Amino acid sequence: MICHRISAPVRHHECDAAGELKLHCLLDRMQDAAAEHASALNVGMEELAEMQLIWVLSRLKIHLDKPLPLGGELEIVTYPSGVQRIFAHRCYDIKLNSARAGYAGSFWLPVNAAVNRPVNARKVLPPEIMDLPEVEKFFPDMDKLPEVAAEICASRQVGAGDIDLNRHLNNAVYARWISDILGEKLHHKAVRVSEIQLNYLAAGQFGDEIFMRADVRDNGGFAVSGEKSDGTIIFQSSGIAEI
């Protein structure tokens, strides 16, 4: 199986008040693993730039069975898992001290940055990773999420430190904002998210003010979305928090 591994202990600066890995830090590690692997497969950032394309994360779903505590050896194993419709599907096996702690699936799109138009992933990926029926596929059928029926409860302005190499709001920042809102809604507690789906619908740019709506339920279920001042929804999320 074509896969890539990165491994490092959970460090102090990555932990929340409960001594567990913050959600956005997990996304940072997953992004590093995916980027390194794409480069190794010759479909990384540099190769796509030659075609005037960039990779854009469209959807991501993570399930965690256990917390990821300070000092634990966190290993991310990632591999391409075929093409779903026009999306490149990529999976992640999340391990703590060599045992599975969770898993994730993601949809990626090549996008023509000059005209902001998506390109079918089959036009970019090499044939040997197009269809891989033998690999374990996590969340291959992620769908749209419903709009969050709640009042605006918070806002954030996109700063320079939130921008990534593609000059867009980095995908992990959304997870940090969601964690902030869950903490506020749940009396400033450190909240462990056991499952979350994030749908990225539009790019956030430097200086944008993003207004967020949140529905947090007593059973830990939640939905959080963010939109620009003109009403354009840039992300939606749904998940379960351990409370």
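Keep in mind it's a predicted model, so treat the numbers as computed, not measured.
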I'd like to check the ring-ring contact (aromatic ring centres under 6.0 Å, His included) partners of His24; sequence neighbours left out, ordered by chain and number.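 Listed in chain order: nothing, the list is empty.
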Who passes ring-ring contact (aromatic ring centres under 6.0 Å, His included) against Phe87, sequence neighbours left out?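 ring-ring contact (aromatic ring centres under 6.0 Å, His included) list for Phe87, sorted by chain: Phe107.
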Could you tell me whether the side chain of Val148 reaches within less than 4.5 Å of the side chain of Val224, counting heavy atoms only?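 Of all side-chain heavy-atom pairs linking Val148 with Val224, none is under 4.5 Å.
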If I take atom CG from residue Asn199 and atom NZ from residue Lys144, how far apart are they, to the nearest 0.5 angstrom?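 One finds 10.0 Å between CG of Asn199 and NZ of Lys144.
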Kindly compute the distance separating CD (Glu14) from CG (Leu26), expressed to the nearest 0.5 Å.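 Answer rounded to 0.5 Å: 9.5 Å.
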Side chain to side chain contact (heavy atoms under 4.5 Å, CB included) partner of Val193, chosen from Leu64, Leu182, Ile240: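 Going through Leu64, Leu182, Ile240 one by one, the side chain to side chain contact (heavy atoms under 4.5 Å, CB included) with Val193 is satisfied by Leu182 alone.
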Name the residue from Ile178, Ile62, Leu23 that meets the side chain to side chain contact (heavy atoms under 4.5 Å, CB included) definition with Leu198.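 When side chain to side chain contact (heavy atoms under 4.5 Å, CB included) is applied between Leu198 and each of Ile178, Ile62, Leu23, only Ile178 qualifies.
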Glu227 and Arg213 ion-paired at < 4.0 Å: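 A salt bridge links Glu227 with Arg213.
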So which residues get pulled into Leu145's cluster when ILVMFWY side chains under 4.5 Å apart are joined, directly or through others?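 None; Leu145 is a cluster of one.
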Under a single-linkage rule joining Ile, Leu, Val, Met, Phe, Trp and Tyr whose side-chain heavy atoms are separated by less than 4.5 Å, which residues share a cluster with Ile233?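 Leu201, which link up through side-chain heavy atoms under 4.5 Å apart, make up the rest of the cluster.
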Give the intermediate values and the outcome of side-chain contact (heavy atoms from CB on, under 4.5 Å) for residues Asn171 and Phe235. CA-CA 10 Å; Asn171 70 74; Phe235 81 92; over 6 Å; no
Could you give the side-chain donor-acceptor pairs of residues 90-97 under 3.5 Å, partners two or more places apart or in another chain?
residue : atom : partner : partner atom : Å
Arg90   : NH1  : His37   : ND1          : 3.0
Arg90   : NH1  : Thr78   : OG1          : 2.9
Arg90   : NH2  : His37   : ND1          : 3.4
Asp93   : OD1  : Arg100  : NE           : 2.9
Asp93   : OD2  : Arg100  : NH2          : 3.3
Asn97   : OD1  : Glu73   : N            : 2.9

With sequence neighbours excluded, give me every side chain to side chain donor-acceptor pair (under 3.5 Å) pair touching residues 156-169.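 Qualifying pairs: Asp162-Arg176.
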